[in-house]
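The structure under discussion appears below in the form of structure tokens.
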Amino acid sequence: MTNRLILATTATVLAVGGMLGAAAPSAPVGTKGSAGVGDPLLPLSGDGGLHVRHYALALTYQPKTQRLDGTAVLSATATQDLSGFDLDLAGLDVKRVTVDGQAVGYDRNGQKLEISLGHSVADGAEFKIAVDYGGTPHALTDADGSSDGWTALPGDQGAFVAGEPQGAMTWFPCNGHPADKSTYDITVTVPQGYTAVGNGVLRTQHTAAGRSTFSWHESAPMAAYLATASVGRFDVDQYWTASGLPVYTAVDPAEADDAADVLDQLPDVITWEQSLFGPYPFDSAGAIVMHDKDIGYALEAQTRPVYDEAPDLDTLVHETAHQWFGDSVTVTQWKDIWLNEGFATYAEWLWDAGHGGAGPHDRLAQLYAKPATDQLWSYPPGDPGDLSHLFGVPSYARGAMTLQELREAVGDQAFFTILKKWAADHRHAHGTTAEFEALAAGVSGKNLEALFATWLYSAGKPAKM
Ligand code: ARG
Ligand code: ZN
């Protein structure tokens, strides 16, 4: 691929493409990318007209004033002829946008940063977008009432940064839908005494003139919602596991005592999950433990889950399992969220079964006993229907029940082959529910249509199979 933007004059475009027809002579060729990648649950999210290969974010954060300033450089590839495109950005002020070094026009329209190229980019061309921006980031309130995005903690404690499903745009301009995955460099400067923790490997860290800069590199493709740059006055621990995986944990001192025993088990949890799901998909691991009970959830940030408080072991097992299911194998549409939450919940069940708890067969029976009015049956996990359902009980528990039903239908050997093959076939990429159903049928040689129709798609409590 060429590393250049096609700065076509109308004349050259006519000569090359010859299909401009009646377009005004000065009009750039191509169309604007789509508004949104076409996800019915978040119709505005992303732009289908470009793929971002890499984000280089250089940020400065002041916990006291909660001000964020930065430059985002997006290395992009056009996936159609483009005359412009939209990035996602909620709040913050944009100071300048350049494309391949030339200033371009832009507009703000709701969550969209609309960029007009003033010239054409041909399908397949590579180009670099640089956005200078700054301001006070504000988390979004999601349909279920939870907050999502850059969340400043009270006082000058720092920031909890987790963006599922759409909070990435509260802190950097992005192609914010998980259908597009990218590698990342995240460099954050904070006042001395604070640590800024991103995804992947810490490449450099230096302190001068009262400021510390941390440079993180994530080398595997990552969905924007899994990016983090959490800031706190953390206790930091860095070590290598026995198999040579670098681990970086950052813990708010107020949670250190509660977190220590569970975090010590991270290498063992990874080893155990590798035995079930195949090789750990990334080149680093770790955890960020904040001290803010108001947030009410953890997020499986790639390589470095962010916890709102010291996690219990089930939560550590859950977020670690997401590294395979969610982070490495990513949804292309949010309606497939059970592929993340059902699988991570099933990992908890497997862990409990091996550690003196009820096995998945008993968990299935206990849950099935819940009355038809229980929220467990409030929507089918394969079709959540409404954005507020994304992280509801059925996505987690009925998703995991679906996997146990599958296991009982195909037997242990086929079931665990399916899990490993799912992680391997879609590693660092995407997977859909239809693809999972096809894989399960292919590996087991069974017709599973009724099983999936019942457990994933039927409304209400399924009649016992
Ligand atoms: N994926 C997270 C988990 O591990 C939940 C994220 C919830 N996000 C939110 N905005 N409520 O279950
Ligand atoms: Zn989860």
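Throughout, residue positions are numbered sequentially from 1 according to the sequence presented. Numbering of ligands and ligand atoms starts at 1, following listing order.
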Pair Val410-Phe416, side chain to side chain contact (heavy atoms under 4.5 Å, CB included): steps then yes or no: CA-CA 10 Å; Val410 303; Phe416 287 103; over 6 Å; no
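Side-chain contact annotation: Gln302 with Asn199, donor-acceptor N/O pair under 3.5 Å absent. Residues Asp336 and Thr433 bring a donor and an acceptor atom of their side chains to less than 3.5 Å of each other. There is no side-chain donor-acceptor pair under 3.5 Å between His430 and His426.
Annotation for ligand 1: atoms under 4.0 Å from non-hydrogen atoms of Asp142 are 10 (N). Of all atoms in ligand 1, numbered sequentially from 1 with element shown, those under 4.0 Å from a heavy atom of Ser146 are 9 (C), 10 (N), 11 (N). Set against the non-hydrogen atoms of Glu300, the atoms of ligand 1 under 4.0 Å away are 1 (N), 2 (C), 3 (C), 4 (O). Contact atoms of ligand 1 toward His322: 3 (C), 4 (O) (distance under 4.0 Å to a heavy atom of the residue). Which parts of ligand 1 touch His318 is read off a 4.0 Å heavy-atom cut-off, strictly below it: atoms 3 (C), 4 (O), 12 (O).
Among the backbone and side-chain atoms of Glu341, an N/O/S atom is found under 2.8 Å from the Zn ion (ligand 2).
Scanning the protein for heavy atoms near atom 12 (O) of ligand 1, the closest one is Tyr396 OH, 2.6 Å. Protein heavy atom nearest atom 1 (N) of ligand 1, with residue, atom name and distance: Glu164 OE1, 2.6 Å.
Counting heavy-atom neighbours within 6.0 Å of Lys370 NZ, excluding the residue itself, gives a total of 12 or less.
Proximity of Met401 to Trp349: side-chain heavy atoms (C-beta onward) are separated by under 4.5 Å at one or more points.
Here Ala298 has backbone heavy atoms under 4.0 Å from ligand 1, and that is the only part of it that gets that close.
Atom OG1 of Thr402 sits about 5.5 Å away from atom CH2 of Trp338, to the nearest 0.5 Å.
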